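So the structure is just underneath, and the comments pick up after that.
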Amino acid sequence: MDKDVIARVKKGDKQAFEQLYNEYAEYAIRTAFAITKNSADASDAVQEAFIRVYRNIIFYDEERPFKPWFYKILVNECNRITKRKSKVIPIDQYLDDHYMGLHMDDYKFEEYEELYAAIQGLKEINRIPIILKYLNNFSEKEIAEIFDVNINTVKSRLFKGRERIKQALLKMKEGREKNGGKNL
């Protein structure tokens with residue numbers, strides 16, 4: 001992100017903030033949906049993240065990259081919303097949210113339904129770094145900054161996440177083969 005835009009946002013320039021929003025909103029909503037597994041919660045998380053950015057931009061160090069700072073705020077908002085909500089979600093609501101999220105995404109997740117399901121089946125500790133690395137192209141170093149952990153911890157979480165995805169995909173493939181090649 002252009003340092004000039006950040007400097008203008010710090011001075012209260014609403015057009016610069018709109019430019020910042022337009023730059024990050026689309027990927028933020030995808031990331032938030034992947035974390036929260038619910039389109040309404042994802043929208044709330046993105047909205048709250050941008051409110052926090054607006055209120056706290058004066059504390060942002062312009063010498064550091066903006067993207068990890070923003071995504072740290074976004075991930076924290078997603079986690080806050082997810083923890084606040086009940087763990088029990090009616091299956092019809094989950095399916096509505098699941099398919100609504102697929103249709104709103106330009107990446108056509110239905111083509112990668114099994115991979116997407118495997119990622120969503122991961123524990124949060126592995127799922128969020130996988131999402132940040134492969135959906136948002138963050139480096140391991142940037143992910144470590146977002147979570148305030150050692151880079152080796154991030155590498156380990158990514159490795160374990162990839163291994164669990166492989167295992168889940170193999171199980172899905174075996175299930176299809178047992179059912180005569182039909183999708184479950």
Side-chain angles (χ1 to χ4, degrees), residues 1-85 89 93-94 96-112 115-116 119-120 122 124-149 154 157-158 161:
M1 172 55 51
D2 186 11
K3 288 184 179 186
D4 176 57
V5 173
I6 299 293
R8 289 176 28 223
V9 172
K10 281 186 168 188
K11 291 179 183 176
D13 183 335
K14 288 183 168 88
Q15 287 181 333
F17 185 76
E18 183 178 347
Q19 185 178 349
L20 184 75
Y21 176 86
N22 290 336
E23 176 77 20
Y24 286 93
E26 186 177 335
Y27 284 107
I29 196 74
R30 283 192 190 113
T31 301
F33 179 77
I35 294 169
T36 64
K37 302 179 184 179
N38 178 292
S39 53
D41 290 343
S43 295
D44 288 347
V46 170
Q47 180 179 350
E48 287 298 320
F50 276 107
I51 289 169
R52 290 193 187 279
V53 166
Y54 188 79
R55 289 181 179 161
N56 295 300
I57 195 77
I58 59 170
F59 302 113
Y60 168 67
D61 179 3
E62 293 176 48
E63 298 303 314
R64 302 190 68 158
F66 178 78
K67 192 173 179 181
W69 185 75
F70 172 74
Y71 274 87
K72 181 175 187 171
I73 294 168
L74 178 63
V75 168
N76 286 339
E77 283 302 315
C78 290
N79 289 335
R80 185 184 63 75
I81 287 171
T82 301
K83 287 177 182 158
R84 181 185 64 192
K85 290 196 58 133
I89 299 174
Q93 179 186 345
Y94 173 79
D96 288 347
D97 290 342
H98 180 70
Y99 289 110
M100 185 173 145
L102 292 176
H103 293 300
M104 71 181 214
D105 200 320
D106 293 332
Y107 283 104
K108 309 287 187 244
F109 278 118
E110 46 287 322
E111 294 176 16
Y112 303 100
L115 176 60
Y116 185 73
I119 292 169
Q120 290 303 312
L122 293 174
E124 185 176 294
I125 198 165
N126 300 112
R127 183 170 40 90
I128 297 172
I130 291 280
I131 291 166
L132 293 174
K133 172 86 174 154
Y134 299 105
L135 182 64
N136 293 297
N137 297 317
F138 278 99
S139 68
E140 285 90 355
K141 181 181 178 198
E142 291 171 324
I143 296 169
E145 289 175 15
I146 290 170
F147 288 108
D148 287 327
V149 296
V154 170
R157 290 176 183 177
L158 288 168

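Heads up: numbering here begins at 1 and tracks the sequence. The structure displayed is predicted, hence computed values, not measured ones.
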How many angstroms lie between atom [atom1] of [X] and atom [atom2] of [Y], to the nearest 0.5 angstrom?
| X | Y | atom1 | atom2 | answer |
| --- | --- | --- | --- | --- |
| Thr31 | Phe70 | OG1 | CZ | 8.5 Å |
| Gln19 | Tyr24 | CD | OH | 11.0 Å |
| Tyr27 | Leu74 | OH | CG | 14.5 Å |
| Ile35 | Arg127 | CD1 | CZ | 7.0 Å |

Is the shortest distance from a Lys or Arg side-chain nitrogen in Glu18 or Lys14 to a carboxylate oxygen in the other one below 4.0 Å? no
So salt bridge (Lys or Arg N to Asp or Glu O under 4.0 Å) across residues 64-74, not counting sequence neighbours, yields Arg64-Glu145, Lys72-Asp148
List the atom pairs, with distances to 0.1 Å, where a side-chain N or O of residues 44-59 and a protein N or O form a donor-acceptor pair under 3.5 Å, not counting sequence neighbours.
{"from": "Arg52", "atom 1": "NE", "to": "Glu77", "atom 2": "OE2", "distance (Å)": "2.3"}
{"from": "Arg52", "atom 1": "NH2", "to": "Glu77", "atom 2": "OE2", "distance (Å)": "3.3"}
{"from": "Asn56", "atom 1": "ND2", "to": "Arg52", "atom 2": "O", "distance (Å)": "2.9"}

So which of Ile143, Asn136, Ile128, Ile131 actually passes side-chain contact (heavy atoms from CB on, under 4.5 Å) with Tyr71? Asn136
[X] and [Y]: which non-hydrogen atoms are nearest, and at how many Å?
| X | Y | result |
| --- | --- | --- |
| Glu140 | Val154 | O-CG1, 3.9 Å |
| Gly161 | Leu122 | O-CD2, 3.8 Å |
| Asn137 | Glu142 | O-OE1, 4.4 Å |
| Ala7 | Glu62 | CB-OE1, 4.1 Å |
| Phe138 | Ile146 | CE2-CD1, 4.0 Å |

Quick one: side chain to side chain contact (heavy atoms under 4.5 Å, CB included) partners of Glu63, sequence neighbours excluded? Lys3, Asp61
Partner residues of Asp13 under the side chain to side chain contact (heavy atoms under 4.5 Å, CB included) criterion, sequence neighbours left out: Arg8, Gln15, Ala16
Sequence neighbours excluded, the answer for salt bridge (charged side-chain N to carboxylate O under 4.0 Å, His left out) partners of Glu124 is none
Residues forming a salt bridge (charged side-chain N to carboxylate O under 4.0 Å, His left out) with Lys141, sequence neighbours excluded: none
Close side-chain approach of Leu132 to Phe147, heavy-atom, < 4.5 Å: yes
Taking only residues two or more places apart in sequence, or in another chain, which ones meet Asp41 in a side-chain hydrogen bond (donor to acceptor under 3.5 Å, both in side chains)? none
Got a sec, which residues hit ring pair (Phe, Tyr, Trp, His ring centres under 6.0 Å) with Tyr60, two or more places apart in sequence or on another chain? Phe66, Trp69
